[in-house]
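Take a look at the structure below.
Any value given below was found using the heavy atoms of this structure, including those in side chains, with hydrogens, waters and symmetry copies removed.
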Amino acid sequence: MSIQSKLAELGLTLPVAAAPVAAYVPAVRTGNLVFTAGQLPLVDGKIPFIGKVGSDVTPEQAKDMAQICALNALAAISLVADIDQIERVVRVGGFVNGVPGFVAIPQVINGASELLIKLFGEVNGKHARTAIGVAELPLNAPVEVEMVVQLKN
């Protein structure tokens with residue numbers, strides 16, 4: 001089943017890749033690996049909720065936005081490769097703009113990880129991951145996600 005079909009089953013669609021907000025490209029392919037730039041939770045060019053997780057944004061809203069970030073990362077990958085050629089999600093990096101003392105960072109980034117496991121399965125969707133709390137993110141986004149995927153030969 002195609003990734004587009006799996007997304008449709010989940011009630012989701014692959015968005016159009018967002019244009020970079022600085023001097024970089026959304027994704028780079030080297031050999032059979034694709035690295036994405038950090039993806040913000042942009043929906044139609046806007047971030048649904050801005051600010052710090054734990055004050056302006058609830059952890060549940062941030063988790064939902066981490067899923068949006070993962071969708072945006074897949075859209076970025078689609079600029080340089082066919083997403084149906086993704087063999088394995090290798091690594092996810094997640095950044096959470098939380099209030100001081102906010103430590104539920106892994107639970108927020110699970111929004112991205114859980115979606116990837118649903119799309120690519122337990123074996124190929126599970127990945128190495130970093131989840132980091134940060135003081136600020138671009139555009140006052142509450143979350144940002146980047147990923148590395150391996151393509152089929």
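Expressed to the nearest 0.5 Å, how far CG of L139 lies from NZ of K46 amounts to 13.5 Å. Atoms CD1 and CG, on I86 and N124 in that order, are 10.5 Å from each other to the nearest 0.5 Å. Note that CD1 of I83 is 5.5 Å distant from CG of L74, once rounded to the nearest 0.5 Å. To the nearest 0.5 angstrom, F35 atom CZ is 7.0 Å from T30 atom OG1. Note: S113 OG to Q107 CD = 11.5 Å, rounded to the nearest 0.5 Å. One distance of note links CD of Q85 with CZ of R29; it measures 8.5 Å at 0.5 Å rounding.
Scanning both residues, G98 and K52, for their nearest heavy atoms gives O-CD, 3.6 Å. Nearest approach of A81 to V34, heavy atoms of both residues: CB-CG2, 4.4 Å. Closest approach of A62 to V53, counting heavy atoms only: CB-CG2, 3.6 Å. Between V80 and A27 the shortest heavy-atom distance is CG1-O, 3.7 Å. In this structure, P26 and A18 approach most closely via the heavy-atom pair CG-O, 4.0 Å. Minimum heavy-atom separation, V149 to V89: CG1-CA, 4.2 Å.
Using a distance-only test at 3.5 Å, with no hydrogens or angles considered, a donor-acceptor pair links the side chain of Q39 to the main chain of A37. Under a 3.5 Å cut-off, the side chain of T58 and the backbone N or O of Q61 do form a donor-acceptor pair. Side chain of D56 to main chain of F49: no donor-acceptor pair is present (N/O by atom type, distance under 3.5 Å, no hydrogens or angles). Between the side chain of K152 and the main chain of E87, no donor-acceptor pair closer than 3.5 Å is present. Checked by atom type and distance alone, the side chain of T36 pairs as donor or acceptor with a backbone atom of M147 at under 3.5 Å. Looking at R88, its side chain does come within 3.5 Å of a backbone N or O of V123 through a donor-acceptor pair. With hydrogens and angles ignored, the 3.5 Å screen pairs a side-chain donor or acceptor of D84 with a backbone N or O of I3. Formation of a donor-acceptor pair under 3.5 Å by the N97 side chain with backbone atoms of A141 is found in this model. At least one donor-acceptor pair under 3.5 Å links the side chain of S78 to the backbone N or O of A75.
Looking at heavy atoms from C-beta onward, H127 lies out of side-chain contact with V148 at the 4.5 angstrom threshold. Between M65 and V108 the shortest side-chain heavy-atom distance does not fall below 4.5 Å. Residues V145 and F95 are not in side-chain contact: their nearest non-hydrogen atoms beyond the backbone lie 4.5 Å or more apart. Residues V143 and P41 are in side-chain contact: their nearest non-hydrogen atoms beyond the backbone lie under 4.5 Å apart. Two residues are said to be in side-chain contact when any heavy atoms from C-beta on lie closer than 4.5 Å; E114 and Q67 fail this criterion. Put simply, the side chain of L151 does not reach to within 4.5 Å of the side chain of L33, judged on heavy atoms. Side-chain contact between L42 and I47: present, with at least one pair of heavy atoms (C-beta onward) separated by less than 4.5 Å. No side-chain heavy atom of V25 sits under 4.5 Å from any side-chain heavy atom of P20.
Follow the hydrophobic side-chain contacts under 4.5 Å out from V92 and you reach L7 in the same cluster. Hydrophobic clustering of Ile, Leu, Val, Met, Phe, Trp and Tyr side chains at less than 4.5 Å, counting indirect connections, unites I50 with V96. Cluster membership for L12 and V16, using ILVMFWY side-chain heavy atoms within less than 4.5 angstrom, is not shared. A single hydrophobic cluster is seen to contain both L10 and F120, as judged by linkage of ILVMFWY side chains at heavy-atom distances under 4.5 Å, directly or through other members. Under a hydrophobic clustering in which Ile, Leu, Val, Met, Phe, Trp and Tyr are joined whenever their side-chain heavy atoms come within less than 4.5 Å, directly or via other members, L79 and V28 fall into different clusters.
Contact check on E122 versus K126 returns a salt bridge, with a Lys/Arg side-chain nitrogen under 4.0 Å from an Asp/Glu carboxylate oxygen.
Looking at N110 and R129, their side chains do bring a donor and an acceptor atom within 3.5 Å of each other.
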